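All of these numbers come straight from a predicted model, not from anything done at the bench.
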Amino acid sequence: MPRLSPIMLAAMGLAGCAPAPPAYLAAPMIATPSVRPVRADPVTAGLGRFEIVEPKGWDALNRNVTPKGGSHAP
């Protein structure tokens with residue numbers, strides 16, 4: 001059996017003086033937690049249909065995405 005150092009022996013003696021843990025830490029977890037039911041949604045739910053269109057110039061594309069009104073509107 002290995003020899004215990006005086007420090008380890010003192011630490012083991014003081015460990016018995018520690019207070020008991022609080023009840024909420026020592027209590028078991030809730031046996032039946034509330035869990036939302038599993039739901040399976042289709043992968044394509046909420047998708048729109050996109051059609052092929054002719055390419056536009058960058059200036060027309062920029063006009064379509066800029067905010068309407070304001071100080072920079074033409």
Side-chain angles (χ1 to χ4, degrees):
M1 181 167 174
R3 291 185 56 200
L4 296 174
S5 70
I7 295 174
M8 291 200 55
L9 192 57
M12 288 173 48
L14 290 175
C17 298
Y24 63 88
L25 291 179
M29 291 185 58
I30 300 171
T32 55
S34 61
V35 179
R36 291 187 302 173
V38 177
R39 187 178 76 182
D41 290 329
V43 176
T44 56
L47 291 181
R49 181 151 175 85
F50 296 98
E51 299 292 330
I52 298 175
V53 296
E54 293 296 319
K56 294 181 183 177
W58 65 267
D59 54 338
L61 291 173
N62 283 347
R63 275 194 296 273
N64 290 339
V65 297
T66 54
K68 305 300 182 238
S71 62
H72 297 292

Point to revise | More than 12 heavy atoms of other groups within 6.0 Å of Ile7 CD1 | key: no
Check your understanding: Any side chain to side chain donor-acceptor pair (under 3.5 Å) pairs touching residues 42-54, not counting sequence neighbours?
Key -> Arg49-Glu51
Review point. What heavy-atom pair brings Lys56 and Asn64 nearest, and what distance separates the two atoms?
Key: NZ-ND2, 3.4 Å
